[in-house]
Amino acid sequence: RKQCRAAPAGAALFHSFLFSDFVKKILFALAFVVGVGGTAAAQGLSYGVKVGANYANVWGKNALDGYKYKAGFLGGLAVNYAFNDFASLQVEALYSNKGFTLDDAEVNTTANGVTTKYKYEGKFNINYVDIPILAKIDAGPIFFELGPQAGIRTDSNFSTDTKMKVGDDVVAESFTDNNSDVLPGYTKKDSKNGGIPRFDIGLVAGVGFDVAPGVSIGVRYNAGVKTLVDTKNVEAGDEPRIFNEAFQAQVGYMFGATK
């Protein structure tokens, strides 16, 4: 039996908001504004760089209590096309270090009436090239961002201290530091079932501030919607529910930007 981490009330409300019909309507409206709005004088292409940090973890009904947030690097390139002074479309390619730390994360298994406890401590890194496609709305120096994101997993690795206990007695302990495409507590059944998927899908919402022409600072929330336990040929209702999430802080510089 796996002990699962209940999502904090605030995070649960934000997840509900991100995936609500209201957000879908807003995305549609933003797409309409970006598609048809604009004065020709304000149109323009700019490109630049972004650097920042993730505060990442996982969420979902099967996320263990011992999964905790970890810091990670974030950085890459951005291209922005302004349709007018109000609306623009921004596409980015960002290297993003996600994952989580393990602090006494526990998985219990029972066989032949004997319960074995596995306790994990350490760090799990899941690295992606994330490609967010964002509708951006400018309201003076403040801007808002919202849109989908695709992620390509480049690699994943972990360093853990695993203790196997029968009752209260530790019967085995192992230290591991290597590459892995399987979350702790799960088994990869074959090359396509049980591991962390190569591709991730998520939603991004953010707000920022234009400090000077071309220079911006911003914060975002990134919620994955594709489970991290690959479950091909498994009914959707039976698959484990563990998703990426990250709070992000960024600094950006856009060449050719006018504000």
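As a basis for the values below, the full set of heavy atoms in this structure was taken, side chains included, without hydrogen atoms, waters or symmetry mates.
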Over 60° means perpendicular and under 30° means parallel, so tell me whether Tyr95 and Phe73 are parallel, tilted or perpendicular.
tilted
Please say which of Thr101, Asn57, Asn125 ends up in a side chain to side chain donor-acceptor pair (under 3.5 Å) with Lys70.
Asn125
Taking Asn62's backbone N and O only, do any of them form a donor-acceptor pair with Arg241's side chain (distance below 3.5 Å, no angle check)?
no
From CZ (Phe209) to CD1 (Ile217), nearest 0.5 Å
7.0 Å
Check step by step if side-chain contact (heavy atoms from CB on, under 4.5 Å) holds for Phe158 and Leu102.
CA-CA 10 Å; Phe158 71 98; Leu102 299 102; 5.8 Å; no
Which heavy-atom pair separates Ile126 from Ser156 by the least distance, and what is that distance?
CA-CB, 4.1 Å
Nearest 0.5 Å please: distance from the CG atom of Asp181 over to the CG atom of Leu228.
11.5 Å
Between Phe243 and Thr227, does the side-chain contact (heavy atoms from CB on, under 4.5 Å) criterion hold? Intermediate values first, please.
CA-CA 5 Å; Phe243 310 95; Thr227 181; 4.2 Å; yes
State, to 0.1 Å, how close Tyr128 and Gly151 come at their nearest heavy-atom pair, and which atoms those are.
CD2-C, 4.0 Å
Are a donor atom and an acceptor atom from the side chains of Ser88 and Asp138 found within less than 3.5 Å of each other?
no
Mind checking the CD-CD spacing from Gln250 to Glu92? Nearest 0.5 Å is all I need.
6.0 Å
Closest non-hydrogen atom pair between Pro240 and Val229, with its separation:
CG-CG1, 4.0 Å
Can you tell me how far CG of Asn80 sits from OG of Ser46, rounded to the nearest 0.5 angstrom?
4.5 Å
What are the two closest non-hydrogen atoms of Ile137 and Ala87, and how far apart are they?
CD1-CB, 4.1 Å
Taking the inter-plane angle between the rings of Phe247 and Tyr69 on a 0 to 90° scale, is it parallel (under 30°), tilted (30 to 60°) or perpendicular (over 60°)?
tilted
Trp59 side chain vs Ile242 backbone, donor-acceptor pair below 3.5 Å:
no
Counting distance only, does the side-chain N/O of Thr154 pair as donor-acceptor with the main-chain N or O of Asn127 below 3.5 Å?
yes
Cation-pi, Phe199 ring and Lys226 (6.0 angstrom, 45 degrees):
no
Quick one: pull up CD in Glu245 and NZ in Lys98 and give me the separation to the nearest 0.5 Å.
10.5 Å
Under 30°, 30 to 60°, or over 60°: which ring-plane class applies to Phe124 and Phe100, parallel, tilted or perpendicular?
parallel
Nearest-0.5 Å distance that lies between atom CD in Glu145 and atom CZ in Arg220:
4.0 Å
Donor-acceptor contact present, side-chain Asn54 to main-chain Asn97, <3.5 Å:
yes
Partner set under ring-ring contact (aromatic ring centres under 6.0 Å, His included) for Tyr47, not counting sequence neighbours:
Phe255
Taking the side chain from Ser159 and the backbone from Gly122, do they hold a donor-acceptor pair closer than 3.5 Å?
no
Which heavy atom of Gln90 sits nearest to which heavy atom of Ala78, and what is that distance?
NE2-CB, 4.2 Å
Val129 side chain near Leu94 side chain, heavy-atom distance below 4.5 Å:
no
Quick check: closest heavy atoms across Ser216 and Asp210, and the distance to 0.1 Å?
CB-OD1, 3.7 Å
Answer with yes or no whether the hydrophobic clustering places Phe144 together with Ile133; edges join I, L, V, M, F, W, Y residues whose side-chain heavy atoms lie under 4.5 Å apart.
yes
